[in-house]
Amino acid sequence: MSSYTLPDLPYDYAALEPHISARIMELHHSKHHKAYVDGANNALAQMAEAREAGNFANINRLEKDLAFHLGGHVNHSIFWTNLTPNANGAPEGELESALQEFFGSVESFQAHFTGASMGIQGSGWGVLSWDPVGARLIIQQLFDQQGNTAQGTIPLLQLDMWEHAFYLDYQNVKADYVAAFWKIVNWENVQQRFAAARSGASATLLIS
Ligand code: MN
């Protein structure tokens with residue numbers, strides 16, 4: 001019995017070309033994302049064994065494994081839906097208004113998000129999140145798959161800055177990768193996540 005399953009992509013592996021190649025998409029989804037799903041299920045199974053045996057000698061490793069792999073599963077599940085081959089170019093409506101309110105302008109938001117994403121030291125993600133405590137949008141740097149973000153913040157838009165996400169296409173030129181990302185953002189998906197997060201919907205992460 002597995003708790004987590006690899007979701008299908010909402011488009012073909014080649015659909016995001018020329019911005020992201022089919023080769024990267026296939027590896028990224030079928031190998032990397034699948035490894036996170038398997039790793040999360042494996043951590044849960046080993047925790048069950050530990051409880052059964054009453055032996056928690058390895059619990060620190062297992063908790064770290066669960067955080068890393070479940071983080072990877074959630075992050076990629078969101079990321080795929082944040083992208084679309086039919087990008088409409090710019091945020092509209094309530095999302096556009098909120099970006100203006102909390103970042104000054106859409107352009108200023110994009111500059112901040114780009115800077116935060118490109119500045120990540122090591123592997124991680126740039127993330128636009130809804131913070132229910134301050135009732136506002138914030139930008140976070142997510143380290144690895146699970147670090148450096150506050151509990152309870154709800155991710156709306158994520159950019160994978162791990163080298164596996166871009167190196168085959170862009171080598172070390174992160175700026176070109178991020179510029180390509182902006183051309184394939186699914187703003188409708190971000191808007192749906194924003195509306196759900198702001199209304200407190202409990203199933204926000206499940207939006208596809
Ligand atoms: Mn990735």
Side-chain angles (χ1 to χ4, degrees), residues 2-44 63-85 87 110 113-129 139-150 153-187 189-190 193 204-208:
S2 293
S3 291
Y4 309 113
T5 55
L6 182 67
D8 290 333
L9 287 185
Y11 36 74
D12 295 336
Y13 285 136
L16 302 178
E17 290 189 343
H19 307 297
I20 302 178
S21 68
R23 181 69 178 141
I24 280 191
M25 291 302 296
E26 182 172 5
L27 285 168
H28 203 172
H29 176 259
S30 71
K31 304 294 185 189
H32 291 279
H33 188 167
K34 181 165 190 306
Y36 297 120
V37 170
D38 293 345
N41 285 323
N42 191 37
L44 285 185
E63 296 289 356
K64 284 182 179 173
D65 282 352
L66 180 61
F68 178 78
H69 291 291
L70 178 55
H73 175 40
V74 171
N75 294 332
H76 289 87
S77 297
I78 293 170
F79 182 51
W80 307 137
T81 67
N82 283 160
L83 305 177
T84 175
Q110 288 186 293
F113 187 99
T114 295
S117 298
M118 288 180 51
I120 288 166
Q121 296 174 327
S123 298
W125 298 72
V127 186
L128 170 68
S129 304
I139 290 169
Q140 305 186 95
Q141 287 181 324
L142 172 61
F143 294 158
D144 298 319
Q145 302 291 358
Q146 78 279 38
N148 202 52
T149 62
T153 53
I154 300 166
L156 309 179
L157 174 66
Q158 298 200 196
L159 174 56
D160 193 338
M161 293 305 297
W162 282 58
E163 285 191 345
H164 69 225
F166 62 85
Y167 210 83
L168 281 177
D169 288 347
Y170 296 96
Q171 287 77 52
N172 64 326
V173 189
K174 291 182 182 179
D176 288 354
Y177 167 62
V178 178
F181 162 77
W182 288 122
K183 294 177 181 166
I184 50 175
V185 169
N186 185 346
W187 290 109
N189 177 263
V190 181
R193 291 181 179 283
T204 300
L205 292 173
L206 301 179
I207 290 171
S208 59

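We use all heavy atoms of the structure for the numbers below, so side chains are in, but hydrogens, waters and symmetry mates are not. Every number for a ligand or one of its atoms is a count from 1 in the order of the listing.
Not counting sequence neighbours, the partners of Asp38 by the side chain to side chain donor-acceptor pair (under 3.5 Å) test are Lys34. By the side-chain contact (heavy atoms from CB on, under 4.5 Å) test, Ala87 is found to be paired with Thr84, residues two or more places apart in sequence or in another chain being considered.
A tilted orientation is assigned to the rings of Trp162 and Phe68, their planes being inclined by 30° to 60°.
A donor-acceptor contact shorter than 3.5 Å links the side chain of Asn75 to the backbone of Gln145.
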Report task. Just do the side-chain contact (heavy atoms from CB on, under 4.5 Å) check on Leu159 and Phe79 with the steps written out, would you? Result -> CA-CA 7 Å; Leu159 174 56; Phe79 182 51; 4.1 Å; yes
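Protein-derived N/O/S atoms nearer than 2.8 Å to the Mn ion (ligand 1) total 4, waters excluded.
Residue pairs meeting the side chain to side chain donor-acceptor pair (under 3.5 Å) criterion with at least one partner in residues 22-33, sequence neighbours excluded, are Tyr13-His29, His28-His76, His28-Asp160, His28-His164, His32-His164, His33-His73, His33-Trp80.
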